[in-house]
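A short worksheet on the structure shown next.
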Amino acid sequence: ETTVGRAVSATLAALEEALNENARLVEGLLQQQQYDEALQCMDERLALIESLMQLVGREPSQRSAAVALAGRLSIQEESMQALAASHHHAIFERLTLVGRANKAGQAYRVNSKEF
């Protein structure tokens with residue numbers, strides 16, 4: 001393997017580690033209900049994936065390693081998507097409860113004025 005090949009492999013490994021750390025951070029932020037921060041991390045994740053795409057574009061010899069990495073990343077994405085969906089559902093349920101409480105409060109106020 002050439003010096004350039006080793007450097008590209010090291011860059012690919014660094015990208016993989018950064019993406020793994022990013023996934024852990026996103027999941028932690030979602031669990032802590034820090035949604036703005038999680039969105040920022042997702043933006044960073046997109047930038048890391050763009051870097052991966054550029055690396056493969058510059059170094060086609062890394063295509064098979066990048067494809068293997070993409071397979072591992074897709075599993076991460078499915079896990080994060082499921083976690084985000086569960087938080088979305090929980091938020092929706094809370095908003096529904098707020099809406100119901102608001103309607104009940106309005107009905108109570110209207111009915112209490114009649115007496």
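For the pair A66 and L12, the tightest heavy-atom approach, listed with the atom from each and the gap, is N-CD2, 4.2 Å. Annotation for L30 and A38: closest pair CD2-CB, 4.0 Å, computed over non-hydrogen atoms. The two atoms that bring M80 and A23 nearest to each other are SD-CA, 3.9 Å, heavy atoms only.
The main-chain N or O of I75 is never found under 3.5 Å from a side-chain atom of S79 such that the two would form a donor-acceptor pair. When atom types are taken as modelled, the side chain of N22 and the backbone of C41 share a donor-acceptor pair closer than 3.5 angstrom.
Atom CG in L29 sits 9.0 Å away from atom CE in M42 (nearest 0.5 Å). To the nearest 0.5 angstrom, L55 atom CG is 9.0 Å from S9 atom OG.
Within the structure, side-chain hydrogen bond (donor to acceptor under 3.5 Å, both in side chains) pairs that include any residue of residues 65-76 comprise E16-R72, N20-Q76, R45-Q76 (at least two apart or interchain). Among residue pairs with one or both ends in residues 17-39, those qualifying as salt bridge (Lys or Arg N to Asp or Glu O under 4.0 Å) are E17-R24, E21-R24; sequence neighbours excluded.
Under the 4.5 Å side-chain contact rule for hydrophobic residues, V26 and Y35 share a cluster. Under a hydrophobic-cluster definition in which Ile, Leu, Val, Met, Phe, Trp and Tyr are linked whenever side-chain heavy atoms come within less than 4.5 Å, directly or via other members, L25 and L19 are assigned to different clusters.
Residues satisfying the side chain to side chain contact (heavy atoms under 4.5 Å, CB included) test with Q31, not counting sequence neighbours, are L83.
The environment of Q54 atom CD is dense: over 12 non-hydrogen atoms of other residues, nucleotides or ligands sit within 6.0 angstrom.
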- [ ] Might you work through the side-chain contact (heavy atoms from CB on, under 4.5 Å) test for L73 and L52, ending with a clear yes or no?
- [x] CA-CA 11 Å; L73 293 175; L52 176 63; 4.2 Å; yes

